[in-house]
Amino acid sequence: MFSASLVRWFPFLAWPRPDATLLRGELWAGMTVGLMLVPQGVAYAALAGMPLVTGIYASLIPALVAVLWGSSSRLSVGPTALTSLLIGASLTGLAEPGSAQWVALAAWMALLTGVLQLLLGLVRFGWLLNLVTSPVLSGFTQAAALLILASQLPALAGLRVPLGELLASPALRHFDLLGAGMGVGSIAALALAKRFWPGFPAVIVVMGAAALASQALGYAAGGGAVVGALPAGLPQPYWPGALPWSTLGALIMPVLVVTLVSFLETASSAKVEHQDGGTRWNENQDLIAQGLAKISAGLCGSFTTSSSFSRSAINLYAGARTGWATIFACALVLVALLWLTPALYHVPQAVLAAVVVTAITGLIKPALLPQLWRISRVEAVIGLLTFAITLAAAPNLYWGVLAGLVVNLSHFLYQRLHPRIIEVGLHPDGSLRDRHLWHLPPLAPHLLALRMDAELDFASASALERTLSERMADLPGLAHVCLFAQPINRVDVTGVETFARLRALVQRHGCTLHISGLKLPVEQALERAGMLAAGPQLRTYRTDAETLQALQQIGTTMPVETA
């Protein structure tokens, strides 16, 4: 067996040793995914504005690198609709789609996102993933899906002229009806296959049938838009050349967003895989693998890759157990590159658009916003704001994610700065609850009992100090103040200083301060600062039950049980 340190650097060494039974199952799963990789790669390359063959390049070497170095060996890595849209949108205005400059910029985006993800994985910064909440990601994804659909409608409808010319002089002659028919028919066939045969590689069958029909009808000879000739052979080593500082500045924000969104795609697939296998997800190792995959994509003249949720799900559905399934899928892509690219010549562009449209419809969930609204109206508004800004800022889609992040972090900070602080009373069920909300009597005469459900740190300390001073001013004749401190998990320097002022405030009013349920880290920090020195006006208790017994002795007749 290999050492743990060696397996850490080369995760594929931990794969189970293959036998005939294992390889038969992996072969079937790999062929199923491989038959989807080629047509989807070509379609997503068109979405990214790249030469179509680069979509196949992105399905070969990056997929191989990702599976060898990733902790999630059953992910299907390659071009995805969302990442391809971000690339195409980000480069709009910087170069002509499909040109050498466009390819160079797309390669630079792959290199920069790859290096960034690699560094984040090496320094174990996978926790940054938690900065993007579900409402932000959902709002962005819904808007991006609609933009992808809008971008594919002209090709799907067989539109021969720019949209502006169509609006200026609407006429049926502007449409290629045969191409539109094949596109719509492909959508219908793919939708039926997805519903009744979810594990069947219908994409390659539909594209093959469309290519045969196109060739038989002389569609290309009649001026129809087809894939055309694709170069055969392996991708060559590629270097995009120097990147001017001005162009680098224009790419910084798109690179950051693509880095984040592409890894969120990976996370959504990886979590499903590890839940299925009962294993723990190592997000940092997958960051390293995804970074290396993107770097390899840039160095072979392709574009940024990511993990496809749909292809990964099909890989699991087909019975993949290890990374050998992806090895077989890559072998099929290799065969396609070497010998089968001429078969794609007659595939109509409308059919490529149909492949993208069918793949993206799974991202559109109209019921998502009402569901968020029922759970949290604030987070629903954040999701809706992200959705609206993403649409309004197109093609600069990154503004939607950034706006959602800023608003969400602002909401988080607002909650930290305004913690929940309640005056507690004893509920009939024995638990301590909000006295005013449940209309409960005080725990004892001349007593103010508070509980703060937050850490005692720089963010919440001032709120506790303000609340205590205001409540004490409103309660003349107060003799006791009790702080139920069990929810407080941590205290920082600001919190210690605030505690000192709270103790002094209570003493100035001639009251006794009762502290209940201090956790050990908080207690140790306060003791080191000398804040828990014994005195006649300070009493501490280990449990809430002990506290209630002590408070009972100052005049209350409450029961002593607590939840």
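Because the structure is predicted, anything quoted here is derived from the model rather than measured. Numbers here are sequence positions counted from 1.
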field: Ile421 vs Leu468, side-chain contact (heavy atoms from CB on, under 4.5 Å): CA-CA, chis, key distance, verdict
entry: CA-CA 10 Å; Ile421 303 174; Leu468 182 59; over 6 Å; no

query: With sequence neighbours left out, what residues match Glu455 under side-chain hydrogen bond (donor to acceptor under 3.5 Å, both in side chains)?
result: Arg490

statement: Looking only at heavy atoms, the pair that brings Ser431 and Asp429 closest together is OG-OD1, 2.6 Å

message: Would you say Glu273 and Ser312 are linked by a side-chain donor-acceptor pair, where the criterion is simply a distance under 3.5 Å?
response: no

query: Given side chains that start at C-beta, do those of Arg420 and Gln415 come closer than 4.5 Å, heavy atoms only?
result: no

query: Parallel, tilted or perpendicular for Trp69 and Phe12, by the 30°/60° rule?
result: perpendicular

- line: Rounded to the nearest 0.5 angstrom, the CG-CG distance for Leu256 and Leu251 is 10.5 Å

- request: Decide side-chain contact (heavy atoms from CB on, under 4.5 Å) for Phe499 and Leu532; before the verdict, give the C-alpha distance in whole Å, the side-chain angles of both, and the deciding distance to 0.1 Å.
  value: CA-CA 10 Å; Phe499 184 86; Leu532 296 180; 4.1 Å; yes

query: Does the side chain of Ser262 pick up a donor-acceptor pair with the side chain of Gln117 at under 3.5 Å?
result: yes

query: Is the closest side-chain heavy-atom distance between Leu147 and Leu391 below 4.5 Å?
result: yes

message: So for atom NZ, which belongs to Lys519, do other residues, nucleotides or ligands contribute more than 12 heavy atoms lying within a distance under 6.0 Å?
response: yes

- prompt: Within a strict 4.5 Å, meaning less than it, do heavy atoms of the Leu82 and Phe140 side chains meet?
  reply: yes

task: Keeping the roles fixed (side chain from Arg74, backbone from Ala320), state whether a donor-acceptor pair exists under 3.5 Å.
output: yes

- prompt: Can you find a pair of side-chain heavy atoms, one from Val424 and one from Phe484, that are under 4.5 Å apart?
  reply: yes

query: Of all heavy-atom pairs between Phe303 and Ala297, which one has the smallest distance, and what is that distance?
result: O-CB, 3.4 Å

- line: Taking every heavy atom of Thr113 against every heavy atom of Met109, the minimum-distance pair comes out as OG1-O, 2.7 Å

- prompt: With a 4.5 Å heavy-atom cut-off, do Leu426 and Leu440 have their side chains touching?
  reply: no

query: Can you find a heavy atom in the side chain of Val77 that is under 4.5 Å from one in the side chain of Val65?
result: no

- prompt: Under the side-chain contact (heavy atoms from CB on, under 4.5 Å) criterion, do Leu292 and Ser296 qualify, and how do the steps go?
  reply: CA-CA 6 Å; Leu292 291 174; Ser296 69; over 6 Å; no

query: Roughly how far apart are Leu243 CG and Leu112 CG, rounded to 0.5 Å?
result: 6.5 Å

field: Crowding at CH2, Trp399 (>12 non-hydrogen neighbours, <6.0 Å)
entry: no

- line: Given the options Leu456, Ile515, Leu518, Leu526 meets side-chain contact (heavy atoms from CB on, under 4.5 Å) only with Leu518

field: Distance-minimising heavy-atom pair for Leu105 and Ala95
entry: CD1-CB, 4.1 Å

- prompt: Is there a donor-acceptor pair under 3.5 Å between the side chain of Ser151 and the backbone N or O of Ile148?
  reply: yes

Contacts of type side-chain hydrogen bond (donor to acceptor under 3.5 Å, both in side chains), residue Thr512, not counting sequence neighbours: none

- request: Rounded to the nearest 0.5 Å, what's the gap from OG on Ser138 to CD on Gln371? Could you check?
  value: 9.0 Å

The single option from Arg501, Gln537, Met472 passing side-chain contact (heavy atoms from CB on, under 4.5 Å) against Val506: Met472

query: Mind checking whether Thr266 and Leu75 have side chains closer than 4.5 Å, heavy atoms only?
result: yes

- prompt: Does Ser462 reach the main-chain N or O of Phe458 with its side chain, forming a donor-acceptor pair under 3.5 Å?
  reply: no

message: My understanding is that only one of His514, His509, His446 makes a ring-ring contact (aromatic ring centres under 6.0 Å, His included) with His480; could you say which?
response: His514

- prompt: Counting distance only, does the side-chain N/O of Trp438 pair as donor-acceptor with the main-chain N or O of His427 below 3.5 Å?
  reply: no

- request: Determine whether more than 12 heavy atoms belonging to other residues, nucleotides or ligands lie under 6.0 Å from atom CZ of Arg542.
  value: no

query: Side-chain donor-acceptor pair under 3.5 Å between Glu265 and Thr83, yes or no?
result: yes

- prompt: Any donor and acceptor pair, going by atom type alone, linking the side chain of Ser84 with main-chain N or O of Thr80 inside 3.5 Å?
  reply: yes

query: Is a side-chain donor or acceptor of Asn408 paired with a backbone partner of Ile382 at a separation under 3.5 angstrom?
result: no

- prompt: Has the side chain of Thr390 got a donor or acceptor atom that lies under 3.5 Å from a matching backbone atom of Ala143?
  reply: no

field: All pairs passing salt bridge (charged side-chain N to carboxylate O under 4.0 Å, His left out) where residues 109-124 contributes a residue, at least two apart
entry: none

message: Applying side-chain contact (heavy atoms from CB on, under 4.5 Å) to Asp286 and Phe263, what does each step give before you reach the verdict?
response: CA-CA 9 Å; Asp286 275 348; Phe263 194 61; 4.2 Å; yes

query: What pair of heavy atoms forms the shortest contact from Gly114 to Lys294, and how long is it?
result: CA-CB, 3.6 Å

query: Between Thr543 and Gln486, is any pair of side-chain heavy atoms under 4.5 Å apart?
result: no

Heavy-atom closest pair, residues Asn284 and Phe125: OD1-N, 3.3 Å

message: Quick check for you: to the nearest 0.5 Å, what is the distance between Ile360 atom CD1 and Leu363 atom CG?
response: 4.0 Å

- prompt: Does Arg471 use its side chain to pair, donor to acceptor, with the backbone of Leu450 at less than 3.5 Å?
  reply: no

query: Just by modelled atom types, is the Lys365 backbone N or O under 3.5 Å from a matching donor or acceptor in the Gln142 side chain?
result: yes

field: Lys/Arg N to Asp/Glu carboxylate O, Arg539 vs Glu546, below 4.0 Å
entry: no

field: Thr279 side chain to Gln275 backbone, donor-acceptor under 3.5 Å
entry: no

query: Would you say Arg416 has more than 12 foreign heavy atoms packed within less than 6.0 Å of its CZ?
result: yes

Straight-line distance of Leu548 CG to Tyr541 OH, nearest 0.5 Å: 10.5 Å

task: Report the distance from atom CG of Leu464 to atom CG of Asp457, rounding to the nearest 0.5 Å.
output: 11.0 Å

